[in-house]
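Some notes on the structure that comes next.
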Amino acid sequence: MSKSRKRKKELRRLQSQANNLWESQQVLLAEAASVAKEAGRQLGNYGRDELVPTVKQKYDRYAAPYVDKGMKFSKTVLTDKVVPTAGAVVGAGLSVWDAANDTRARLAAGRGFGGLDAKKYAKKADAYGKSATKALAAKLAPEPPKKSGLGASGIIAILLGVAAAIGVFYAAWQTLRADDELWVADDPLRAPDA
């Protein structure tokens, strides 16, 4: 079947309109990409300039006192309870070791069990306990805190940035998604399905 001139003219006009629509959609898509890029940059600036200082200020105001209080309490328990107790246990153990060595030396020399001086071993136990306590305290002394990696505020800023980027991409997708009524049918002679 041949087409009439009028029909051919209508088809050319329709093809021209479809090409114009396609070009405008490509321009719109390029604009949406540049808007999304700029939105990401602005979101990063907002996170650095507004969000991070606010989160840090709130942390310093509300959470930091409790964290500091917990750290001081644990340090107090460690230095006042655990280290002296461990030092006393080590001192007593070393004192018993000394007493056993002295007894073994007496028996080897043939002098027997006599002559054990309890005060002497109590003094040695105290001396050993003090030296062990000092050694443990030196090993458990807190190191200055090192700042490493992202803190809580950095993670929150990243999550908010990702959420904003998803929102921008969703809006662009909703704008550019395919509607059946906007597209030209594959068969130019057949009407689109309703």
Side-chain angles (χ1 to χ4, degrees), residues 1-79 81-83 137-194:
M1 279 173 99
S2 68
K3 301 173 190 169
S4 67
R5 284 185 187 176
K6 184 177 179 183
R7 180 77 55 158
K8 287 181 182 180
K9 187 176 180 182
E10 288 174 354
L11 288 175
R12 277 193 299 268
R13 189 174 57 227
L14 182 61
Q15 184 68 35
S16 173
Q17 288 175 349
N19 288 337
N20 289 339
L21 177 64
W22 178 252
E23 289 173 8
S24 65
Q25 285 181 345
Q26 293 299 317
V27 169
L28 181 65
L29 185 60
E31 279 295 314
S34 68
V35 166
K37 183 178 178 182
E38 181 64 21
R41 193 180 70 74
Q42 291 297 329
L43 185 64
N45 290 340
Y46 177 76
R48 271 190 308 278
D49 297 341
E50 300 292 328
L51 191 64
V52 170
T54 302
V55 170
K56 183 167 175 33
Q57 178 187 16
K58 296 298 181 184
Y59 172 80
D60 290 343
R61 184 174 177 189
Y62 295 111
Y66 296 108
V67 171
D68 290 342
K69 193 182 293 184
M71 291 297 290
K72 286 178 185 175
F73 179 73
S74 63
K75 182 179 177 183
T76 302
V77 167
L78 183 68
T79 57
K81 304 286 185 213
V82 174
V83 170
K139 285 185 179 181
L140 296 176
E143 296 179 13
K146 296 178 183 176
K147 197 168 192 175
S148 63
L150 294 175
S153 59
I155 292 172
I156 290 171
I158 289 172
L159 290 176
L160 288 175
V162 168
I166 289 172
V168 167
F169 287 122
Y170 180 75
W173 177 74
Q174 284 294 328
T175 302
L176 301 174
R177 68 187 170 122
D179 285 336
D180 293 334
E181 298 168 359
L182 296 177
W183 297 99
V184 177
D186 291 338
D187 184 6
L189 298 177
R190 196 177 93 206
D193 297 331

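Note: hydrogens, waters and symmetry copies are ignored here, and every other heavy atom, side chains too, is used.
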Check: residues 28-47 side-chain donor-acceptor pairs under 3.5 Å, at least two apart:
{"from": "Ser34", "atom 1": "OG", "to": "Glu31", "atom 2": "O", "distance (Å)": "2.8"}
{"from": "Glu38", "atom 1": "OE1", "to": "Arg41", "atom 2": "NE", "distance (Å)": "3.3"}
{"from": "Glu38", "atom 1": "OE2", "to": "Arg41", "atom 2": "NH2", "distance (Å)": "2.8"}
{"from": "Glu38", "atom 1": "OE2", "to": "Gln42", "atom 2": "NE2", "distance (Å)": "2.9"}
{"from": "Asn45", "atom 1": "OD1", "to": "Arg48", "atom 2": "NH2", "distance (Å)": "2.4"}

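- Atom NZ in Lys56 sits 13.5 Å away from atom CG in Leu51 (nearest 0.5 Å).
- With rounding to the nearest 0.5 angstrom, the CD atom of Gln15 is 9.0 Å from the CG atom of Leu11.
- Glu50 is linked by a side chain to side chain donor-acceptor pair (under 3.5 Å) to nothing, counting only residues two or more places apart in sequence or in another chain.
- Taking OG1 of Thr54 as the start and CG of Asp49 as the end, the distance is 10.5 Å to the nearest 0.5 Å.
- At a threshold of 4.0 Å, the pair Lys72-Asp68 does not count as salt-bridged, since none of the basic side-chain nitrogens sits closer than that to a carboxylate oxygen.
- Once rounded to the nearest 0.5 Å, the distance linking OG1 of Thr76 with CE of Met71 reads 11.0 Å.
- No donor-acceptor pair under 3.5 Å is formed between the side chain of Ser16 and the backbone N or O of Arg12.
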